[in-house]
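None of these values were measured; they are calculated from a predicted model.
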Amino acid sequence: MGDSTHIEESVKTSYQKNGISHLLALSGMHVTLLFSSILKLLNKIKKSKVNLFIVIILLIIYLFLTGAPPSLLR
């Protein structure tokens, strides 16, 4: 969910030194992959316009759960 408060400082520093700290960040691409997969799954079960509304509601809930960081809002 994008919460890195439980990661030890030494681990964060190690990620930064190795240049891979971006792996811990949430981005719009992650949201797109997650929710497009959910939409495809729902469409396989039953094709309906309601599926899109379900995904939109889940997306809004996800944004609130993650604190709606700017990287997800882009």
Please check: side-chain N/O of S14 versus main-chain N/O of S10, any donor-acceptor pairing under 3.5 Å?
no
Throw together a table of side-chain donor-acceptor distances under 3.5 angstrom for residues 33-41, partners on residues two or more places apart or in other chains.
unit_1, atom_1, unit_2, atom_2, d
S36, OG, T32, O, 2.7
S36, OG, L33, O, 3.3
S37, OG, L33, O, 2.7

Assigning hydrophobic clusters by single linkage (Ile, Leu, Val, Met, Phe, Trp, Tyr; side-chain heavy-atom cutoff under 4.5 Å), is F64 placed with V31? yes
In this structure, CD1 of I60 is separated from CG of L63 (nearest 0.5 Å) by 7.5 Å
Closest non-hydrogen contact found for L42 with N51 is O-ND2, 3.2 Å
Taken to the nearest 0.5 Å, the spacing of L58 CG from L65 CG works out to 10.5 Å
Within one Ile-Leu-Val-Met-Phe-Trp-Tyr cluster: V50 and I45, side-chain cutoff 4.5 Å:
no
